[in-house]
2 protein chains.
Amino acid sequence: MNLKELAAALNLSQTTVSRALNGYPEVREETRARVLAAAKAAHYAPNSRARRLATGRAMTIGHVIPLTGRAEMVNPIFADFLIGAGEVYAREGYDLLLSMVTDGDTDKAFRQLAANGSVDGIMVQAPQEDDPRIALLKELDLPFLVHGRTGDALGYNWLDIANIRAFRRATDFLLDLGHTRIALVNGQARFDFSQRRERGFREALAARGVSPLPHLMANDAMTESFGYLSAAAMLDGPEPPTAFLASSVIIAIGIRRAAADRGLRLGRDLSVICHDDELSYLNNDVGGPAFTATRSSIRAAGRRCAEMLIDLIRDPDQPPKQELWDVDLTVGQSTGPCPTP
Amino acid sequence: MNLKELAAALNLSQTTVSRALNGYPEVREETRARVLAAAKAAHYAPNSRARRLATGRAMTIGHVIPLTGRAEMVNPIFADFLIGAGEVYAREGYDLLLSMVTDGDTDKAFRQLAANGSVDGIMVQAPQEDDPRIALLKELDLPFLVHGRTGDALGYNWLDIANIRAFRRATDFLLDLGHTRIALVNGQARFDFSQRRERGFREALAARGVSPLPHLMANDAMTESFGYLSAAAMLDGPEPPTAFLASSVIIAIGIRRAAADRGLRLGRDLSVICHDDELSYLNNDVGGPAFTATRSSIRAAGRRCAEMLIDLIRDPDQPPKQELWDVDLTVGQSTGPCPTP
DNA sequence: ACTGTCTTTCAAAGCGCTTTGGGTTGCCAG
DNA sequence: CTGGCAACCCAAAGCGCTTTGAAAGACAGT
């Protein structure tokens, strides 16, 4: 059943039927009711391909996931973000086009999406230092929103959490407990958020005159095994840390495993603070929060980012909008005073 | 730049240019080369909306994620599956349309997708007992592939792992170590895979004349906290288990936390086997496999499912194909002989 | 009765591609 | 020289919708 047939069945023109269905005012209410009833009865749904061609809008938003050879570290985080964004898209009638590309091909993918008009806007996640994607998207003149930010962070739309402040606060918390040998197990160094977190960490240490220990700082994809391996190495090495700061719950879980292997009890023998994205399947709150953590729901971020992007698509000529979310520190069972040796 | 302009610039008809670009034989090679060069120079990319309308194909595959009120348990697993499938789609020129729907609206979403022709096929994940989606998709006459299976499992296309066999094997392994009070911490009971896993568990016990203990069996969304809470309750209750069988690494991590809280060492005081989907960020292999596990890469499954579905879309009239993957049992550090009290 | 203004409806022109159903050439066999 | 056959190329007809520009009808004001 297509529009033509429906119109014929109703003895109306396609125009009128189309307008009736799309809520235009120049149709008599009686006619509209008749059309809507017939459409419903016939299970009519406008062909989205035709509609997209006619309107010139794709009603689709693109998420491009770069598959870096080894890690796909965004993985656990991108999934929750995606779900948050997807909720909003569904509500607003947008489709979500998910595009997996091998790392070097991101440019090509963006150009392609822009040229063939299959999306109205693009969501960018986890920007790196001077991320080339941002310049490219500006050039392509495609609405986009960045989750995170980079560089001077002006001239484009983004939403980010206050990473520096969060990690400064977390570090302060550990320093207040008497820890000085604090390890930072961070994400890959190229990511902007990793750099900001490290900066917050360093600032807090510097403010107390504590110097960071290079052998207690590690950067890599935020996996459980990375947490495990780096914690194991640090704990078994010289000058072992008394506390860890981890960029993700997943890393913290690895650290916990390394601690357990060595018979160390979190909160007593060893302290751990992590950043908690509030992943739905790694709830940190059961039985009191397991980890002391800076927390910010990545899913809520996805929702908000989607809203901002849609807003931008609907009205592309507004000045760039930015949103910076502050982050709570929740005290859990994984931290305690520095053990006196 | 559109086809018309490109054709005009080349002094050729749209037809010829289109054929040249799409590799049809009735164009002279010299002409084709000329067209391709011009297209490249002009950064021409056919408008996908127009192309879709003209061909009647959406070149898009739909993944519909039901958002059940609380859990979204598929979360960590669906992400890796998605990445696997997405790799294949990208390679084959298909787009991936991700649709989030609130749980009761799955039907509506499928009908919509079918009626408005925005996808050529649908991927179905985690089927439940007598999943209504399967009947619906058959009725809608839309190619679909199920990851998992349900009911008699005939008459449609699916790929599944041998859940019964895997859990029988895992249970046997624990029985061989002398365990008899074995707990099963399983996924939600409505999922077919949960039922099969429980069946494998029961079969193995029955074969040795051991009867399953109802208080040592739990079903829920496969989160870390579920693992933690059920393990905590079981370990603190009467007749505590000496071994756990967990349906996911995430659950097992929760169990490990409960064990650590109680000063129990995995592999010595308590044994844990889990099913490992080989999630990229929860690698179980670092420093020797942490958990003894039945393993099967969910990402590889995603890849294969995508291949099968595309095959089906290209040739919809072939008889239903099924694929059943066997599952390895990898021995890790989390299991050991039953401690003699 | 005539003009002007609204309201309601319609025919037809796109949107940018693919594909059908011919045309032209050029060449070779008869 | 003719007919037949490839090899190339083209004009035009869709695909199913939205939207423009106009017509038709109703009604009020003059």
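The chains referred to below are lettered A, B, ... by the order of the sequence lines, with proteins before strands, and numbering in each begins at 1.
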*Check each residue of residues 31-46 of chain B for a non-hydrogen atom within less than 4.0 Å of any atom in DNA chain C, then write out the ones that pass by number, or none.*
B:Y44, B:P46

_Without decimals, in angstroms, what is the distance between B:L3 CG and D:dA11 P?_
13 Å

_Starting the side chain at C-beta, find the nucleotide from D:dT19, D:dC10, C:dT9 nearest to A:L12._
C:dT9

*Counterpart residues, salt bridge (Lys or Arg N to Asp or Glu O under 4.0 Å), relative to B:R57 (two or more places apart)*: none

*Which class fits the ring pair A:F144 and A:Y156: parallel under 30°, tilted 30 to 60°, perpendicular over 60°?*
parallel

*asked:* Without decimals, in angstroms, what is the distance between B:L6 CG and C:dC17 P?
replied: 9 Å

*Starting at atom CZ of B:R49, determine the distance to atom C1' of D:dT18, rounded to an integer number of angstrom.*
13 Å

_Flag for A:T15-A:S18: side-chain donor and acceptor within less than 3.5 Å_ = no

_Can you measure B:N47 atom CG to C:dG16 atom P for me and round it to whole angstrom units?_
7 Å

_Donor-acceptor contact present, side-chain A:R52 to main-chain B:R49, <3.5 Å_ = no

*Check each of B:I77, B:V124, B:L159 against B:H147 using the side chain to side chain contact (heavy atoms under 4.5 Å, CB included) test, and report the only one that passes.*
B:L159

*Let me know which of B:K321, B:R149, B:Q322, B:Q318 forms a side chain to side chain contact (heavy atoms under 4.5 Å, CB included) with B:N157.*
B:K321

*Among residues 16-25 of chain A, which residues get a heavy atom nearer than 4.0 Å to DNA chain D?*
A:S18, A:R19, A:N22, A:Y24

_Nearest-angstrom distance from the residue atom CG of B:N11 to P of D:dC10_ = 8 Å

*ring pair (Phe, Tyr, Trp, His ring centres under 6.0 Å): pairs with one or both residues in residues 1-57 of chain B, sequence neighbours excluded*: none

_Looking at C:dT9, I'd like to know if its phosphate oxygens (OP1 or OP2) sit under 4.0 Å from a side-chain N or O belonging to A:R28._
yes

*Report the C-alpha distance between B:I65 and B:L98 in whole Å, list the side-chain angles of each, state the deciding distance to 0.1 Å, and finish with yes or no for side-chain contact (heavy atoms from CB on, under 4.5 Å).*
CA-CA 7 Å; B:I65 313 289; B:L98 193 59; 3.8 Å; yes

*Below 4.0 angstrom, N of the basic side chain to O of the carboxylate: do A:R304 and A:E323 qualify?*
yes

*Taking OP1 and OP2 of C:dT18, is either one under 4.0 Å from a side-chain nitrogen or oxygen of B:R51?*
yes

*salt bridge (Lys or Arg N to Asp or Glu O under 4.0 Å) with A:E139: which residues, sequence neighbours excluded?*
A:R111

_Interatomic distance, B:L10 CG vs D:dC8 C1' [rounded to whole Å]_ = 15 Å

*Rounded to the Å, how far apart are A:E29 CD and C:dT8 P?*
9 Å

_Close side-chain approach of A:T60 to B:D95, heavy-atom, < 4.5 Å_ = no

*From the options D:dC17, C:dA11, C:dT8, select the nucleotide whose nearest atom is closest to the side chain of A:E26.*
C:dT8

*Once you round it to whole Å, what is the distance between C1' of D:dC17 and CZ of A:R57?*
12 Å

*asked:* Can you classify the ring geometry of B:F81 versus B:H63 as parallel (below 30°), tilted (30 to 60°) or perpendicular (above 60°)?
replied: tilted

Please list, for nucleotides 12-15 of chain D, all pairs of protein and nucleotide N/O atoms separated by less than 3.5 Å.
unit_1 : atom_1 : unit_2 : atom_2 : d
D:dA12 : N6     : B:T15  : OG1    : 3.4

